[in-house]
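Contents: one structure, followed by commentary.
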Amino acid sequence: MAIKQKRQGNHTLLATDNYFDRVELSWFDPAWWQQQHAITGTSVGRGTTYFVRWDQQDWVLRHYRRGGLIGKWVKQTYTYPGIKRTRAYRELELLNTLYHGYKLPCPRPVAGHVQHMGSFYRCDLLIERISDATDVHHLLCRGPVENNLWRHIGETIRRFHDKQVYHHDLNIHNLLLDNQQQAWLIDFDKCELRIGDKWKADNLARLQRSLLKESSRQSQYHFQQENWQSLLDGYGK
């Protein structure tokens with residue numbers, strides 16, 4: 001299943017086969033969704049993420065914004081490298097491979113949007129929202145997560161690593177558990193398929209650092225070292 005493109009002026013719409021005939025530029029405009037009374041919620045981080053209900057499906061609309069030091073001055077634009085190297089195209093293509101090709105527990109891709117502005121661009125992404133799921137960070141703020149679930153999380157990360165999926169921001173906020181106790185991995189911006197194995201230990205260490213960081217910041221955070229060992233047991237270390 002390939003990623004298809006169509007141009008509308010200085011806009012390029014991207015979509016998988018399932019959505020290509022239906023995708024519209026309006027899908028990437030929060031004001032349009034508001035007019036349809038389709039916005040079901042928002043999440044504010046580096047920018048605002050919109051949750052929309054459309055055609056009996058729940059979607060997530062995210063606008064790409066820069067982080068780090070450069071993000072203080074240039075928040076939304078990037079140097080244009082060609083459509084297939086834009087952040088929206090690369091994430092959509094990777095999700096397409098992971099979801100449809102490898103059958104991994106990640107968001108189902110819907111569509112992307114790239115707006116050309118001379119030598120620069122800005123972009124957006126639409127994905128399906130994972131139903132009845134909560135990120136593990138918020139679960140830990142409420143109470144303990146059982147060790148069998150930590151083992152399942154470790155097994156899930158191993159499934160991605162076995163397919164050589166490098167997650168650029170593997171942290172506890174990007175791991176979800178749904179009401180069936182299925183683990184999911186989200187936020188694949190700047191992620192890639194990477195050869196070799198040496199990076200996998202660093203990827204796990206990044207996750208561990210995020211847990212220790214949250215443990216030090218939260219007055220009540222239900223994470224214990226035995227939980228981490230259970231995760232490693234599930235991973236197979």
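Worth knowing before you read on, the calculation uses all heavy atoms, side chains too, and leaves out hydrogens, waters and symmetry mates.
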Residue pair Ile127 / Leu125, side-chain heavy-atom distance below 4.5 Å: yes

Donor-acceptor contact below 3.5 Å, side chain Asp55 vs main chain Gln57: no

Heavy atoms of other groups near Gln224 CD, more than 12 under 6.0 Å: no

Connected via hydrophobic side-chain network under 4.5 Å: Tyr99 and Leu104: no

Check ion pair Arg158-Asp162 (N to O, under 4.0 angstrom): yes

Side-chain (His167) to main-chain (Asp187) donor-acceptor, under 3.5 angstrom: yes

Greater than 12 external heavy atoms within 6.0 Å of Gln34's CD: no

Worked verdict on Trp150 versus Phe223 for ring pair (Phe, Tyr, Trp, His ring centres under 6.0 Å): CA-CA 10 Å; Trp150 283 106; Phe223 171 71; 5.7 Å; yes

Step-by-step side-chain contact (heavy atoms from CB on, under 4.5 Å) determination, Thr49 to Leu61: CA-CA 6 Å; Thr49 298; Leu61 172 61; over 6 Å; no

Side chains of Thr77 and Met117 in contact at under 4.5 Å (non-hydrogen atoms): yes

Distance-minimising heavy-atom pair for Pro107 and Ile186: CG-CG2, 3.9 Å

Check: Lys200 side chain, Gln164 main-chain N or O, donor-acceptor pair, under 3.5 Å: no

Contact check, side chains of His116 and Arg7, non-hydrogen atoms, under 4.5 Å: yes

Single-linkage hydrophobic cluster Leu140~Leu175, side-chain heavy atoms < 4.5 angstrom: yes

NZ/NE/NH1/NH2 to OD/OE distance under 4.0 Å, Lys4 and Asp17: yes

Any Val165 side-chain heavy atom under 4.5 Å of Leu193 side chain: yes

Sidechain-backbone polar pair: Asn174 side chain, Asp169 backbone, donor-acceptor under 3.5 Å: yes

Ring pair (Phe, Tyr, Trp, His ring centres under 6.0 Å) between Tyr50 and His63, intermediate numbers included: CA-CA 9 Å; Tyr50 296 89; His63 182 70; 10.0 Å; no

Audit row: His137, Tyr221, ring pair (Phe, Tyr, Trp, His ring centres under 6.0 Å) steps and yes/no: CA-CA 9 Å; His137 166 71; Tyr221 203 65; 5.5 Å; yes

same_hphob_cluster(Tyr166, Ile157) at 4.5 Å side-chain heavy-atom cutoff: no

Path from Leu185 to Ile130 over hydrophobic side-chain contacts below 4.5 Å: no

More than 12 heavy atoms from other groups under 6.0 Å of NE2 on His11: yes

Heavy-atom closest contact (Arg159 atom, Lys103 atom, distance): NH2-O, 3.1 Å

Where Thr40 and Val52 come nearest, the two heavy atoms and their spacing: OG1-N, 4.1 Å

Sidechain-backbone polar pair: Gln115 side chain, Tyr121 backbone, donor-acceptor under 3.5 Å: no

Over 12 foreign heavy atoms within 6.0 Å of CZ, Arg90: no

Under 3.5 Å donor-acceptor, Ser230 side chain and Glu226 backbone: yes

Beyond-backbone contact of Val136 with Leu177, side-chain heavy atoms, under 4.5 angstrom: yes

Which atom of Leu13 lies closest to which atom of Val23, heavy atoms considered: CD1-O, 4.1 Å

Chi angles and distances behind the side-chain contact (heavy atoms from CB on, under 4.5 Å) call for Glu93, Lys84: CA-CA 9 Å; Glu93 183 178 51; Lys84 291 189 176 182; 6.0 Å; no

Residues, nucleotides or ligands: over 12 heavy atoms within 6.0 Å of Lys6 NZ: yes

side-chain contact (heavy atoms from CB on, under 4.5 Å) evaluation trace for Leu98 with Lys163: CA-CA 9 Å; Leu98 303 187; Lys163 292 296 187 180; 5.7 Å; no

Check ion pair Arg87-Asp189 (N to O, under 4.0 angstrom): yes

Residue pair Glu128 / Val60, side-chain heavy-atom distance below 4.5 Å: no

Gln220, CD atom: more than 12 neighbouring heavy atoms under 6.0 Å: no

Asp233 side chain to Arg151 backbone, donor-acceptor under 3.5 Å: no

Least distance between heavy atoms, Tyr19 atom then Pro109 atom: CE1-O, 3.9 Å

Arg129 to Phe51, cation-pi by 6.0 Å centre distance and 45° axis angle: yes

hydrophobic_cluster_shared for Leu126 and Ile83, side chain cutoff 4.5 Å: no

Gln36, CD atom: more than 12 neighbouring heavy atoms under 6.0 Å: yes

Residue pair Leu95, Thr16: steps toward the side-chain contact (heavy atoms from CB on, under 4.5 Å) verdict: CA-CA 10 Å; Leu95 286 173; Thr16 61; over 6 Å; no

Step-by-step salt bridge (charged side-chain N to carboxylate O under 4.0 Å, His left out) determination, Arg209 to Glu214: CA-CA 9 Å; Arg209 287 195 301 272; Glu214 295 296 350; over 6 Å; no

pair Phe120-Arg122: side-chain heavy atoms closer than 4.5 Å: no

Trp33 side chain vs Trp27 backbone, donor-acceptor pair below 3.5 Å: yes

Non-hydrogen atoms of Phe188 and Glu91 that approach each other most closely: N-OE2, 3.2 Å

Asp124 (side chain) donor-acceptor with Val114 (main chain) under 3.5 angstrom: no

Close side-chain approach of Trp228 and Leu207, heavy atoms under 4.5 Å: yes

Donor-acceptor under 3.5 Å (Thr86 side chain, Gly82 main chain): no

